[in-house]
Amino acid sequence: MKLSVLVLSTSLSASAHPDFSLAGFARNNPLGATTGGAGGETVTVTTLAALKSAIADTTPRTIYLTGNFTLTERLSIGPNKSVIGTGPGANILANGFNIKSVSNVIIRNLGIRGITGNDGITIQNSTRVWIDHNEFESGGFPANGPDAYDGQCDIIRASDWITVSWNYFHDHWKSSLVGNGDALRDVDHNHLHVTYHHNYWRNEGTRGPAGRFGHQHVYNNLYEDFLFQAIHSRSDNQVLVEGNVFRGDTREALSTYGLVIPDDSPNTSPDGDYELDGFANLGAKIEYEAAADLLVENDWGPASINITRVGNFTEAPYKYALTALGDVEKTVKASAGLGKI
Ligand SMILES: *[C@@H]1O[C@H](CO)[C@@H](O)[C@H](O)[C@H]1NC(C)=O
Ligand SMILES: *[C@@H]1O[C@H](CO)[C@@H](O)[C@H](O)[C@H]1NC(C)=O
Ligand SMILES: *[C@@H]1O[C@H](CO)[C@@H](O)[C@H](O)[C@H]1NC(C)=O
Ligand SMILES: *[C@@H]1O[C@H](CO)[C@@H](O)[C@H](O)[C@H]1NC(C)=O
Ligand SMILES: *[C@@H]1O[C@H](CO)[C@@H](O)[C@H](O)[C@H]1NC(C)=O
């Protein structure tokens, strides 16, 4: 019995939903739980000008967004902010957000769509960030390759203590890169602690997530047609992978082989780029007093896995609630994305 894990059997009534409160590294970390704008003023914005002004400073603030916001340039979010779409969600179009050299930011219930030539959200040199219940999409796989769009939520340059939960990522090539260069070992080493849980990835290409130099805890995510390679751990990165479910067409669910595959970065060597391998650990089977043991195993479906190095990230350093494997598909489909919080 692994004491840090509470396994939930999620038989949901029509009105109930799973626990949506913050879990993982954005909650349990040496700097303190991520609170965003809590304790500050609350404003509702409906125009781009009002949004720009509300997110810019360092004062704690909760900013509710109503409607569509077509960004004319990337916007940087200041520290101590909660940026939350109202009702069925607000849309961020054309350009995305930077969370750069700040701490304590929450983003929830936003549709982040069709961001060209850059990431939907870039988290750079920042700590304590919670990305929750958003939808990211760009309409599919452009004929001119994976770089027509960039990442959906990339986490780079020594960022740390981040949770990415209950998001719906779909119709996009490169989803979530953690650490954006193998030459950045000295910058990134011992940072990039990210928890990914209960995300729904559908019709995506690569990076669900792909990590270098850090630690990512990847649990209870649903992958449907994640075509080329889902979880990639390279350049001495460590992943702990528990209770995830793969459905549909996926070539490789998990790899620690250092090769950056041509389907991910076709503009470099046609054979791919070689980096050092990463590490992976899979969840253990939890022995439970109740009738049957509960499995934290993953359901890989028809996808392959290639674990070349088993690491020492065997247990998450916090309490979290695992959804039983047989309930993951139903629970994640019902509760990820917009209009749920
Ligand atoms: C963020 O808020 C905290 C208090 O919650 C405050 O100590 C800190 O100075 C704020 N950060 C900035 C950059 O203003
Ligand atoms: C808002 O954006 C969504 C997504 O792109 C679009 O479907 C919708 O038509 C837009 N609404 C308005 C009022 O422009
Ligand atoms: C990282 O962010 C901190 C503020 O948290 C800042 O002092 C520092 O200069 C930033 N470093 C880089 C390389 O941007
Ligand atoms: C798995 O990793 C090994 C290196 O340890 C490599 O030789 C092999 O080609 C990899 N398999 C796939 C399908 O990439
Ligand atoms: C875990 O493994 C990494 C890679 O081999 C190593 O650098 C690190 O020191 C190990 N950590 C512990 C606590 O043993």
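As the structure lists them, so they are numbered: ligands from 1, and atoms in each ligand from 1.
Ion pairing between a basic and an acidic side chain is recognised when a charged N comes within 4.0 Å of a carboxylate O; Lys174 and Glu204 show no such pairing. For Arg108 and Asp132, the salt-bridge test passes: some basic side-chain N is under 4.0 Å from an acidic carboxylate O. Here Glu137 does not pair with Arg202 in a salt bridge; the nearest charged N to carboxylate O distance is not below 4.0 Å. A salt bridge does not link Asp160 with Arg128: none of the charged nitrogens is closer than 4.0 Å to a carboxylate oxygen. Comment: Asp236 engages Arg185 in a salt bridge, judged by a side-chain N to carboxylate O separation of less than 4.0 angstrom. With respect to the salt-bridge test (charged N to carboxylate O, under 4.0 angstrom), the residues Arg61 and Glu41 qualify.
Atom 5 (O) of ligand 2 is flagged as protein-proximal [any protein heavy atom, distance under 4.0 Å]. In this structure, atom 14 (O) of ligand 3 is in close contact with the protein, since a protein heavy atom lies within 4.0 Å of it.
Less than 4.0 angstrom separates some heavy atom of Asn312 from each of these atoms of ligand 5: 1 (C), 2 (O), 3 (C), 8 (C), 10 (C), 11 (N), 12 (C), 14 (O). Remark: ligand 2 atoms within the under-4.0 Å shell around heavy atoms of Asn91 are 1 (C), 2 (O), 3 (C), 4 (C). Counting atoms of ligand 5 from 1 in the listed order, those under 4.0 Å from a heavy atom of Gln238 are 1 (C), 2 (O), 3 (C), 4 (C).
Among protein heavy atoms, the minimum distance from atom 12 (C) of ligand 3 is reached at Asn125 ND2, 3.3 Å. Of the protein's non-hydrogen atoms, the one nearest atom 9 (O) of ligand 2 is Asn68 ND2, 4.8 Å.
Taking only nitrogen or oxygen atoms, main chain and side chain alike, Arg113 does not reach within less than 3.5 Å of ligand 2.
Under 4.0 angstrom from ligand 5, the non-hydrogen atoms of Phe279 all belong to its side chain.
Side-chain atoms of Ser21 and Asp19 form a donor-acceptor pair, as typed in the model, at a separation below 3.5 Å.
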